Structures are given as structure tokens and as C-alpha cells.
Student: 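One structure, as C-alpha cells, below. Some questions next.
Nothing here was measured: the structure is a model prediction, and the numbers come from that model.
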Amino acid sequence: MRTIVFDIPAWPGHRAGQHLDVRLTAEDGYRAEREYSIASAPGEPVAITVERLDDGEVSPYLTEELRQGDEIELRGPIGGYFVWDPEDESPLLLVAGGSGIVPLRAMLRHRRGSGSEVPVRLLYSSRTLAEVIYRAELDEPVDGVEVVYTLTREQPPDWSGYARRVDDELLGEVAWPAGEGALAFVCGPTSFVETVASGLVELGYPPPRVKTERFGATGGR
């Protein structure tokens, strides 16, 4: 896993939750393109976080061969649905599965940078504690932000947190009550997102208040 920061001339600015396209062109003209969520908050240098896949066309280059000063082709920012702006003062529920944490991290950083006092609960599902992305950052105490992990495959000997896949019962314990008018953002693999989104609707969340983003294990869609 690697976080890559770009210096982009004339970048128009982005919103928390948007993504961009990365295009690679080989010497023979072959092109490969992937979408990656922007990991940084508006106003920060544009960054993406990439997980290396052995059979990937783009991620091995980005995580192993790309060097400081290299030029790369980008297109963005893209997307206007899965975005959060601090002007929305509703309680915020963020639910991440694996690398689905990337755009939600941008939202957390935007909250901090904008001075927003919106209360936030983050539920992060990961196979192991070692695979939690941005763990050091997420573990820093921040007023108004509660971070809850659930580890689905392996837990440390002294683990006292959740140790199962996200289900309706777990959501009922962690999510804001539906009557508080929370805005939910759910990001991760398709099956995870569908389970969480349907669970929140069952809890009483209006479907328009549950924003979803689905992608695979690479952090790209």
C-alpha cells in the first residue's frame, strides 16, 4: 500500500469524496486506466492511496516503479454524488470496508481543516489490524470523532473490539439513531456496501441519506 502525492499545475480544486483517473501509456502505445479516490482534503495536495495487486496493470507501477519527479497523466476531479461539504451540519456516519476508507479519510481531514464540529462516527471493517489503512492517523484523538474497528479475520490477543463482519446488529450498535437525521457514506466492495446500505435503511435511514461508493480491492473502481 502506498500513498502518492501529486503536484498538479492549475488543479481546479476538488471536493471530499471525489476521484480521479490515472492513465498509463506503454512504449508500444498500450494504455491502461484506473480510477482512484482522492485521499486528501480540499486545499491539500492531491493524493491517492494504492494497493498493489500482483496481476494489476496499473497498481504495480504506481506502488513500485513511480519515483519522485516522474510525470503521470491524470484526469479529474470526477464525481458529484459521493461528496461531503462542511456546510451540511448533520451528524456524519462513515462506514468503510478495506480500502473503502480512502474517500472517507478525505472527509475526515476536510472536517478538521474546515473547523467543522459535525459529530462523526466511523465504522471501519478490516481483515486484520495490520491492514487498517491510515491507522496512526485514525487513532489520533479528535473531538467529536469516534472510530470503531471490526476485525473480520484475525484479532490481536488483547483485542476487545468487534470481531465479525458488519451486520444489522453491529450497525444498530454503532450507527447514529435514524431520528437524528445523520448523513451516511458507505464505501467498499460491492457486497459490503449493499449489506450496509440495506441495513441502514432497515434501521430507518431514508435512502437519499445513504450515499454509496463501490469498488474492488485496489482502491480503484
Side-chain angles (χ1 to χ4, degrees), residues 1-84 94-110 113 124-138 152-153 185-194 211-221:
M1 191 75 68
R2 169 175 284 189
T3 295
I4 303 164
V5 181
F6 299 104
D7 178 11
I8 307 177
W11 179 251
H14 64 276
R15 300 167 69 189
Q18 288 187 302
H19 59 276
L20 54 74
D21 289 343
V22 175
R23 176 182 289 179
L24 302 181
T25 303
E27 292 182 358
D28 62 1
Y30 176 76
R31 288 182 173 181
E33 186 172 307
R34 294 292 182 274
E35 297 178 7
Y36 290 95
S37 293
I38 299 174
S40 50
E44 297 179 333
V46 175
I48 60 174
T49 298
V50 182
E51 179 182 1
R52 186 191 189 283
L53 293 183
D54 291 337
D55 59 350
E57 290 185 316
V58 176
S59 64
Y61 175 81
L62 294 179
T63 56
E64 295 187 350
E65 298 184 36
L66 189 68
R67 295 291 181 266
Q68 183 173 339
D70 288 351
E71 293 188 353
I72 197 168
E73 186 176 354
L74 305 176
R75 184 175 68 91
I78 302 168
Y81 167 73
F82 194 83
V83 295
W84 178 77
L94 308 177
V95 187
S99 58
I101 187 62
V102 176
L104 307 185
R105 184 244 196 175
M107 296 177 188
L108 289 170
R109 293 179 69 88
H110 191 28
Y124 188 170
S125 176
S126 178
R127 290 177 298 186
T128 69
L129 194 60
E131 294 179 71
V132 171
I133 308 170
Y134 316 124
R135 181 183 167 198
E137 183 175 325
L138 295 175
T152 62
R153 179 171 298 178
F185 289 88
V186 186
C187 190
T190 297
S191 60
F192 173 86
V193 170
E194 291 178 349
K211 308 287 188 179
T212 60
E213 186 97 301
R214 299 166 172 82
F215 53 73
T218 63
R221 291 158 192 76

Student: With a 4.0 Å cut-off on N to O distance, would you call Arg34 and Glu57 a salt bridge?
Tutor: yes
Student: Do the non-hydrogen side-chain atoms of Tyr134 and Leu108 ever get within less than 4.5 Å of each other?
Tutor: no
Student: Would you call His19 and Glu213 a side-chain contact if the rule is heavy atoms closer than 4.5 Å?
Tutor: yes
Student: What distance do Arg2 atom CZ and Thr49 atom OG1 have between them, rounded to the nearest 0.5 Å?
Tutor: 11.5 Å
Student: How far apart are the closest heavy atoms of Gly76 and Leu20, and which atoms are they?
Tutor: CA-CB, 4.4 Å
Student: Can you tell whether the side chains of Glu137 and Arg109 come within less than 4.0 Å, N to carboxylate O?
Tutor: yes
Student: Counting N and O atoms only, with roles assigned by atom type, does the side chain of Tyr124 sit under 3.5 Å from a partner on the main chain of Leu138, one being a donor and the other an acceptor?
Tutor: no
Student: Closest approach of Leu62 and Leu66, non-hydrogen atoms and distance?
Tutor: O-CB, 3.7 Å
Student: Has the side chain of Gln18 got a donor or acceptor atom that lies under 3.5 Å from a matching backbone atom of Gly79?
Tutor: yes
Student: Could you measure the distance from the OG atom of Ser99 to the OH atom of Tyr36? Nearest 0.5 Å is fine.
Tutor: 10.0 Å
Student: Heavy-atom distance under 4.5 Å between the side chains of Trp11 and Val46, does that happen here?
Tutor: yes
Student: Tell me if a side-chain donor or acceptor on Thr190 pairs with a main-chain N or O of Arg214 at a distance below 3.5 Å.
Tutor: no
Student: May I ask you to test the Trp84-Leu104 pair for a side-chain heavy-atom distance under 4.5 Å?
Tutor: no
Student: How close do Glu51 and Ser59 get, counting heavy atoms only, and between which atoms?
Tutor: O-CB, 3.3 Å
Student: For Val186 and Val193, which heavy atoms make the closest approach, and how far apart are they?
Tutor: CG1-CA, 4.1 Å
Student: Can you tell me if Ser126 uses its side chain to pair, donor with acceptor, with the backbone of Leu129 under 3.5 Å?
Tutor: no
Student: Atom CE of Met107 and atom CZ of Phe82: how far apart are they, to the nearest 0.5 Å?
Tutor: 4.5 Å
Student: Surrounding CD of Glu71 (heavy atoms of other residues, nucleotides or ligands, distance under 6.0 Å), is the total greater than 12?
Tutor: no
Student: Considering all heavy atoms of both residues, which atom of Ala39 and which atom of Val102 are nearest to each other, and what is their separation?
Tutor: CB-CG1, 3.7 Å
Student: Test side chain to side chain donor-acceptor pair (under 3.5 Å) on Glu194 and Ser191 and set out the steps.
Tutor: CA-CA 5 Å; Glu194 291 178 349; Ser191 60; over 6 Å; no
Student: Can you check side chain to side chain contact (heavy atoms under 4.5 Å, CB included) on Ile101 and Cys187, steps first, answer last?
Tutor: CA-CA 7 Å; Ile101 187 62; Cys187 190; over 6 Å; no
Student: On a heavy-atom basis, which atom in Ala106 and which in Gly17 lie closest, and how many Å separate them?
Tutor: CB-N, 4.4 Å
Student: From Arg67 CZ over to Glu65 CD, what is the distance, rounded to the nearest 0.5 angstrom?
Tutor: 7.5 Å
Student: Given 3.5 Å as the limit, does a donor-acceptor pair link the side chain of Ser40 with the main chain of Pro45, or not?
Tutor: yes
Student: Nearest 0.5 angstrom please: Leu24 CG to Tyr61 OH, how far?
Tutor: 6.5 Å
Student: Can you tell me how far NE2 of His14 sits from CD1 of Ile8, rounded to the nearest 0.5 angstrom?
Tutor: 9.0 Å
Student: Ion pair present between Asp54 and Arg52, side-chain N to carboxylate O less than 4.0 angstrom?
Tutor: yes
